[in-house]
Amino acid sequence: MTDTPPLADGYEISTDPARLDAERVHHWLSTDAYWAIGRDRDKQDRAIAGSLNYGVYDTASGEQVAYARVVTDRATFAWLCDVYVDRSVRGKGIGTALVTAIRDEMVPLGLRRMLLATHDAHEVYRKVGFAPLEVPERWMALVFEPPVSGGMPGSS
């Protein structure tokens, strides 16, 4: 694993579902995340309910400033998705620290792999140890709905 800087002072990561601001998460993703533009609230709530959810919070105000979720069987596989950092706090290493914390929480589970899809954040994930698929031709996808404008199949 690669070394990454810790979470910036004044912020904390939590998996406490009571702290999650689902309305804010839905707003971020449905209006500003290329892979989820237009995602309806019911679909987002179901995604949250079926996932391990991570929030980053401003320790002074308690306001949520970032979000990510993991879909996993907690034994062999995980899918990291919906990683979003509020525009007002980007550039502080919050996204890298969040993904690092998630990676570190997954390691003891003995997973074979954790995947993600990204259009524009390869360097963020590379810092945490992600790499392109070694044999991408082995992987296939079954897409049930057309991708949203600008999105990637299977990225939602």
Please report the shortest heavy-atom distance between I13 and A97, naming the atom on each side. CD1-O, 3.9 Å
Who are the side chain to side chain donor-acceptor pair (under 3.5 Å) partners of E105, not counting sequence neighbours? Y54
Please examine the side chains of V65 and V85, heavy atoms only from C-beta on, and report whether any two atoms are closer than 4.5 Å. no
Apply salt bridge (charged side-chain N to carboxylate O under 4.0 Å, His left out) to R24 and list each qualifying residue two or more places apart in sequence or on a separate chain. E63, D86
Would you indicate whether the side-chain heavy atoms of D82 and Q44 approach each other to under 4.5 Å? yes
ring-ring contact (aromatic ring centres under 6.0 Å, His included) filter on Y84, not counting sequence neighbours, yields W28
I need the T76 OG1 to L109 CG distance, nearest 0.5 Å. 10.5 Å
Taking side chain to side chain donor-acceptor pair (under 3.5 Å) as the test, write out the residues that go with E123, two or more places apart. R126
Partner set under salt bridge (charged side-chain N to carboxylate O under 4.0 Å, His left out) for E12, not counting sequence neighbours: R19
For Y11, check ring-ring contact (aromatic ring centres under 6.0 Å, His included) against everything at least two apart and list the hits. none
Where the side chain of R103 meets the backbone of V128, is there a donor-acceptor pair that is under 3.5 Å apart? yes
When every non-hydrogen atom of Y57 is compared with those of G62, the smallest separation belongs to CD2-O, 3.5 Å
Please report the interatomic distance CG(L7) to NZ(K92), rounded to the nearest 0.5 Å. 10.5 Å
When hydrophobic residues are tied together by side-chain contacts of less than 4.5 Å, even through go-betweens, does I102 share a cluster with V89? yes
More than 12 heavy atoms of other groups within 6.0 Å of D9 CG: no
Does CD belonging to E134 count more than 12 external heavy atoms closer than 6.0 Å? no
Quick check: do F77 and V71 have side-chain heavy atoms less than 4.5 Å from each other? no
From H26 NE2 over to D40 CG, what is the distance, rounded to the nearest 0.5 angstrom? 6.5 Å
side-chain contact (heavy atoms from CB on, under 4.5 Å) against R46, all qualifying residues, sequence neighbours excluded: D42, K43
Is it possible for you to say whether L29 and Y34 belong to one hydrophobic cluster, with membership spreading through side-chain heavy-atom contacts below 4.5 Å? yes
Go through the structure and list residues passing salt bridge (charged side-chain N to carboxylate O under 4.0 Å, His left out) with D45, not counting sequence neighbours. R41
Give the minimum heavy-atom separation between S14 and D16, together with the two atoms involved. OG-N, 3.0 Å
Who are the ring-ring contact (aromatic ring centres under 6.0 Å, His included) partners of Y125, not counting sequence neighbours? F130
Salt bridge (charged side-chain N to carboxylate O under 4.0 Å, His left out) partners for R138, two or more places apart: none
Under the rule for side chain to side chain donor-acceptor pair (under 3.5 Å), what residues qualify as partners of S51, not counting sequence neighbours? R69
Looking only at the side chains, is there a donor atom on one of Y67 and N53 sitting less than 3.5 Å from an acceptor on the other? yes
Show your working on side-chain contact (heavy atoms from CB on, under 4.5 Å) between L115 and L133 and close with a plain yes or no. CA-CA 9 Å; L115 297 179; L133 293 171; 3.8 Å; yes
Do I37 and R39 make a side-chain contact, defined as non-hydrogen atoms from C-beta onward lying under 4.5 Å apart? no
Which heavy atom of D104 sits nearest to which heavy atom of P108, and what is that distance? O-CD, 3.2 Å
Taking only residues two or more places apart in sequence, or in another chain, which ones meet T72 in a side-chain contact (heavy atoms from CB on, under 4.5 Å)? L52, V70, R74, A78, L111
